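Notes to accompany the following structure.
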2 protein chains.
Amino acid sequence: MKKLKRVTSMDVAKEAGVSRATVSYILNDVQGVSIKETTKKKVIQAAKKLGYYPDSMAVALKTNKAMSIGIVSKRNISEQRYIKFLDGVKSAIGDNYSIILCSDHVDNFGYPEYYSYYKRKKIDGILFLSFQEHLAEEKIDDYLHMSVEENIPIVFADYHLNNQMVNCVDINYYHGAYMAASYLIKNGQKEIIYLTPDFDTEQEQQRRKGVEDAVNEHKGIKLIKTPISTDNDKEIEAVIKILSKKDEYSAIITSWSKMAYTVLYQAQQLNISIPDEISVIALAGSNFDVYTYPRLTTCNLPLFELGQKSAERLMNMLTDANTLPLNITLPCKLKERDSTKGI
Amino acid sequence: MKKLKRVTSMDVAKEAGVSRATVSYILNDVQGVSIKETTKKKVIQAAKKLGYYPDSMAVALKTNKAMSIGIVSKRNISEQRYIKFLDGVKSAIGDNYSIILCSDHVDNFGYPEYYSYYKRKKIDGILFLSFQEHLAEEKIDDYLHMSVEENIPIVFADYHLNNQMVNCVDINYYHGAYMAASYLIKNGQKEIIYLTPDFDTEQEQQRRKGVEDAVNEHKGIKLIKTPISTDNDKEIEAVIKILSKKDEYSAIITSWSKMAYTVLYQAQQLNISIPDEISVIALAGSNFDVYTYPRLTTCNLPLFELGQKSAERLMNMLTDANTLPLNITLPCKLKERDSTKGI
DNA sequence: CTGTTAGCGCTTTCAT
DNA sequence: ATGAAAGCGCTAACAG
């Protein structure tokens with residue numbers, strides 16, 4: 001196999017009869033140097049003719065910029081939501097930056113992958129996407145430390161940090177939950193059962209507060225909070241038990257759509273009519289919501305926007321070191337479908 | 001903000017009282033040079049103490065290896081399947097390589113992103129994941145050309161190429177479809193309706209052939225092939241029409257699970273009992289299959305393995321330039337659930 | 001066994 | 001308006 005030599009800026013320079021510096025100026029469109037149009041044309045021609053591609057590693061070494069950002073998420077990568085986030089990120093970073101997927105798996109160096117990548121300059125900054133289901137508090141402190149003390153450009157996506165020292169883009173779970181509960185109440189539901197996961201995260205606290213506030217604003221609404229195990233079998237068992245006492249309530253709120261799917265499924269099994277007997281609403285949506293029977297009413301999370309805004313923040317930090325940290329909160333949107341009914 | 005200087009191998013060398021070369025030898029565990037244990041210890045200590053991380057850009061420039069691979073997929077990134085593939089890739093490439101997401105969006109240079117990345121040495125090789133729904137044939141030729149003529153390390157995942165010059169990892173859609181149809185026939189179904197997308201890809205051809213072969217192997221089985229529009233509304237309309245003629249068949253095969261969801265949903269609407277009146281099976285599964293009512297019987301695609309095997313092949317090419325191209329075909333697995341019934 | 005040194009390909013200051 | 005040259009941090013061939 002013939003190993004052909006790489007075309008360098010030197011080659012282009014020779015071909016065009018100029019120096020390497022000129023080539024660099026022209027191809028990078030450097031401000032502050034004015035170059036004759038004819039020279040410009042010549043160089044561009046030569047580059048095209050020779051098939052010149054600047055070596056990004058050499059550029060990176062020189063400029064001290066990898067032109068890549070790392071995305072790290074402890075969340076189950078299988079989650080569809082992760083992908084929507086990615087889409088948003090992609091839309092915001094433009095053609096010049098690339099996305100490197102990193103884990104927080106500890107590597108040979110004894111450091112999490114994202115950290116090593118940064119220290120080794122493979123990435124210029126980091127986007128943390130929270131692991132919704134098991135947000136470990138100790139880790140957060142590490143992250144914060146990195147961001148503040150080590151001055152690593154980091155944006156926290158879907159973290160409710162309330163820390164003015166760091167950039168974070170959050171989803172307004174409180175308001176989403178508030179909207180969902182209010183919607184139910186407006187539709188005449190008086191006894192509401194609220195299925196929450198059996199662990200406590202900032203996110204779930206926000207939701208709980210949202211639901212409670214909505215309930216407290218009205219007289220005579222009864223709210224029953226029921227923690228549900230994340231274990232599949234236990235979840236099913238719990239849902240069946242709850243459905244067997246359907247006379248005690250008229251509506252169900254679930255923190256996640258997955259729980260709502262289970263409710264819908266088991267309701268069918270038990271011949272309980274949704275929404276006639278029970279209204280069901282989930283505080284997070286997914287693509288499948290239109291395929292359940294009946295179609296699931298949800299509070300949609302702005303995942304694309306989450307990715308987009310987070311990436312925008314990161315880009316700002318990267319291009320302007322003096323960017324002030326910002327805490328941004330994104331609203332949810334209620335999507336009414338067939339699992340809830342009006343009065 | 002104090003801009004602290006980067007720790008270089010020079011610093012480590014000084015700290016340990018050796019030369020940079022020695023540092024490099026030790027930290028990279030270079031074969032063929034033997035170094036005193038004490039020196040080794042000293043250097044490793046020094047590196048740790050100083051917090052030394054080799055600059056990957058400098059390494060890349062020197063070694064001519066980016067230690068990154070690019071993944072490109074025209075398929076809707078929102079697809080959940082994409083993620084499983086990614087998981088598989090990650091599992092195969094190990095800690096030393098990273099994954100860069102690339103599009104085939106044409107950049108400033110007039111070349112698709114993945115191509116530029118390769119030419120600019122941001123990635124060492126490319127993993128193409130087919131765009132299932134609209135596999136454009138002209139593009140394939142470009143890809144093949146790149147792989148063969150330009151000698152770019154490429155692995156085609158989920159492409160049915162049958163070209164011995166290139167590496168490709170394919171899913172055995174034929175056999176999957178054959179299994180699904182056989183399963184239905186074994187369960188006593190005599191009239192089967194087969195819903196295919198209204199466009200023609202290699203993949204769909206394989207499936208069609210699989211279904212047909214299974215049918216032809218048995219006497220007295222009637223097969224009705226019906227193309228379905230990918231347009232959502234039209235799909236629903238078509239499904240309703242088909243369900244209205246439910247006396248003409250006893251089982252439905254769909255190419256995708258999404259179609260099957262629509263069938264299941266509309267069957268509920270029309271009060272048709274699945275699987276009692278009609279058995280339903282999809283030739284591709286998804287996470288949601290356990291939440292439909294009834295739970296959907298599917299032919300599961302080996303997406304994780306697809307990523308894994310593809311990445312393995314690419315790694316082979318990268319480490320050994322003489323690796324012979326291989327065409328690998330991965331089997332599907334039938335997952336029996338509640339939307340089909342036995343005799 | 002360890003040190004010296006020459007680049008890898010690029011940007012960018014300084015000089016012309 | 002353009003060129004010469006230094007040097008980013010590393011590896012590896014060669015010297016000792």
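For clarity, every value in this text was computed on a predicted model and none was experimentally measured. Just so you know, these numbers use all the heavy atoms, side chains as well, and skip hydrogens, waters and symmetry mates. Below, chains carry the letters A, B, ... as their sequence lines are ordered, and counting in each starts from 1.
- Rounded to a whole Å, the NZ atom of B/Lys40 is 10 Å from the P atom of C/dT2.
- In this model, the phosphate group of C/dC1 is approached by a side-chain N or O of B/Ser34 to a distance below 4.0 Å at OP1 or OP2.
- Shown here are the ring-ring contact (aromatic ring centres under 6.0 Å, His included) partners of B/Phe128, two or more places apart in sequence or in another chain: B/Tyr114, B/Tyr143, B/Phe156.
- A/Lys119 meets the salt bridge (Lys or Arg N to Asp or Glu O under 4.0 Å) test with A/Glu150; sequence neighbours excluded.
- With sequence neighbours excluded, the residues forming a side-chain contact (heavy atoms from CB on, under 4.5 Å) with A/Lys49 are A/Glu15, listed by chain and number.
- D/dG7 atom P lies 14 Å from atom CE of B/Met10, rounded to whole Å.
- Counting non-hydrogen atoms under 4.0 angstrom, A/Gly32 reaches nothing in the nucleic acid.
- Here the P atom of nucleotide C/dT11 and the CE atom of A/Met57 are 14 Å apart, to the nearest Å.
- Between the P atom of D/dG9 and the NZ atom of A/Lys122 lies a distance of 18 Å, rounded to the nearest Å.
- For the pair B/Tyr25 OH and D/dT11 P, the interatomic distance rounds to 10 Å; values are reported in whole Å.
- Relative to the side chain of B/Thr39, the nucleotides C/dT2, C/dG9, D/dG3 differ in distance, and C/dT2 lies closest.
- For B/Leu61 and B/Thr22, each mapped to the nucleotide of DNA chain D holding its nearest heavy atom, the one lying further toward the 5' end belongs to B/Leu61.
- Taking only side-chain atoms of B/Lys36, from C-beta outward, the nucleotide of C/dG9, C/dC14, C/dT2 with the closest atom is C/dT2.
- Under the side-chain contact (heavy atoms from CB on, under 4.5 Å) rule, A/Asn316 has a single partner from A/Thr323, A/Leu326, A/Val155, which is A/Thr323.
- Applying the side chain to side chain donor-acceptor pair (under 3.5 Å) definition to pairs two or more places apart or across chains, those involving residues 27-46 of chain B are B/Ser24-B/Asn28.
- Legend: residues meeting side-chain contact (heavy atoms from CB on, under 4.5 Å) with B/Ser98, ordered by chain and number and at least two apart, are A/Ile100, A/Tyr117, A/Lys122, B/Ser68.
- Residue A/Ser24 is in base contact, counting any heavy-atom pair closer than 4.0 Å across all strands shown.
- Within the nucleic acid shown, A/Val18 comes within 4.0 Å of sugar-phosphate atoms alone, with no base atom in reach, counting heavy atoms only.
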Can you name the atoms? Protein N/O to nucleotides 5-7 of chain C N/O, anything below 3.5 Å, with the distance.
unit_1: C/dG7; atom_1: N2; unit_2: B/Lys62; atom_2: NZ; d: 2.6
unit_1: C/dG7; atom_1: N3; unit_2: B/Lys62; atom_2: NZ; d: 3.2

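- The backbone N or O of A/Cys102 lies less than 3.5 Å from no partner atom in the side chain of A/Glu113, so there is not a single donor-acceptor pair.
- Here the C1' atom of nucleotide C/dT11 and the CG atom of A/Asp29 are 15 Å apart, to the nearest Å.
- In this structure, CD of A/Glu37 is placed 11 Å from P of D/dT2, rounded to the nearest angstrom.
- Donor-acceptor pairing under 3.5 Å, judged by distance alone, is absent between the side chain of B/Tyr52 and the base of D/dG9.
- The NZ atom of B/Lys65 sits 17 Å away from the P atom of C/dC8 (whole-angstrom rounding).
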